[in-house]
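Worksheet for the structure shown next.
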Amino acid sequence: ENQVLSKTSADAAGRLDIAEADRTRQVQSVTSDADSFRRLLPKYKSNPDLFVQQRLVEMMSRVLANVQDKIFLAGRADGKPRELRLLLNRELPKPKTEGAK
């Protein structure tokens with residue numbers, strides 16, 4: 001009985017420690033997000049369109065940092081939409097054999 005109670009008590013203490021660490025991490029994350037929001041809000045209010053464009057460029061640079069192929073399509077002069085067709089299951093390059101030149 002003592003062994004079981006000791007083990008369950010240790011398990012409970014471990015879970016409480018994990019929960020406390022998660023709570024602290026969550027509070028820090030929310031606090032950081034709130035500080036960031038307070039810092040950026042005046043910039044947004046001064047020029048919302050520019051602010052949105054800057055955030056878009058920032059996010060796209062993060063997203064496209066490790067992309068193998070990048071394709072930029074400029075708008076058409078006549079204003080009509082462009083059609084883009086991508087072959088997403090392209091064949092992988094074949095490995096080179098040592099004897100082949």
Side-chain angles (χ1 to χ4, degrees):
E1 180 182 332
N2 287 338
Q3 193 176 21
V4 170
L5 286 174
S6 177
K7 183 181 182 322
T8 55
S9 178
D11 287 347
R15 289 178 186 216
L16 287 173
D17 289 344
I18 290 171
E20 182 65 25
D22 287 346
R23 183 191 72 81
T24 301
R25 192 171 27 258
Q26 185 69 24
V27 168
Q28 288 173 344
S29 175
V30 169
T31 302
S32 174
D33 289 346
D35 290 342
S36 177
F37 178 79
R38 274 190 226 100
R39 184 176 39 84
L40 294 174
L41 185 60
K43 294 177 183 178
Y44 173 79
K45 286 182 176 180
S46 69
N47 191 341
D49 293 332
L50 176 61
F51 182 84
V52 169
Q53 287 298 319
Q54 288 174 333
R55 297 293 82 73
L56 178 63
V57 168
E58 181 182 313
M59 285 298 128
M60 291 304 287
S61 66
R62 286 186 200 169
V63 169
L64 297 175
N66 296 321
V67 173
Q68 182 180 5
D69 298 324
K70 299 174 188 170
I71 301 169
F72 175 75
L73 294 177
R76 289 177 44 164
D78 60 7
K80 293 182 181 177
R82 290 191 183 269
E83 181 177 317
L84 175 65
R85 296 180 185 202
L86 301 174
L87 178 60
L88 298 176
N89 59 347
R90 63 179 162 193
E91 187 176 325
L92 296 174
K94 296 183 182 191
K96 296 179 182 177
T97 58
E98 291 183 27
K101 290 186 179 180

- Message: What I'd like to find out is whether the side chain of Leu56 reaches to under 4.5 Å of the side chain of Met60, using heavy atoms alone.
- Response: yes
- Message: Do the side chains of Asp11 and Arg15 get close enough for a salt bridge, i.e. N-O under 4.0 angstrom?
- Response: no
- Query: Between CD of Gln28 and CG of Asp33, what distance do you get to the nearest 0.5 Å?
  - Reply: 12.0 Å
- Between atom CG of Asn47 and atom CD of Gln53, what is the distance when rounded to the nearest 0.5 Å? 10.5 Å
- Task: Could you tell me whether a side-chain N or O of Ser36 sits under 3.5 Å from a main-chain N or O of Ser32, the two making a donor and an acceptor?
- Result: no
- Is it the case that more than 12 heavy atoms not belonging to Asp78 sit under 6.0 Å from its CG atom? yes
- Side-chain donor/acceptor of Thr31 to backbone N/O of Val27, under 3.5 Å: yes
- Task: To the nearest 0.5 angstrom, please state how far the OG atom of Ser46 sits from the CG atom of Leu41.
- Result: 10.0 Å
- Task: Using the ring of Phe51 (Phe, Tyr or Trp, six-membered ring only), decide whether Arg55 places NZ or CZ under 6.0 Å from its centre and within 45 degrees of its axis.
- Result: yes
- Message: Please check this pair: side chain of Ser9 against backbone of Leu5, looking for a donor-acceptor N/O pair closer than 3.5 Å.
- Response: no
- Task: Indicate the atoms forming the closest heavy-atom contact of Tyr44 with Val52, along with that distance.
- Result: CE1-CG2, 4.4 Å
- Message: With heavy-atom distances below 4.5 Å as the criterion, would you say the side chains of Glu58 and Gln54 are in contact?
- Response: no
- Do Arg25 side-chain atoms and Glu20 backbone N/O form a donor-acceptor pair below 3.5 Å? no
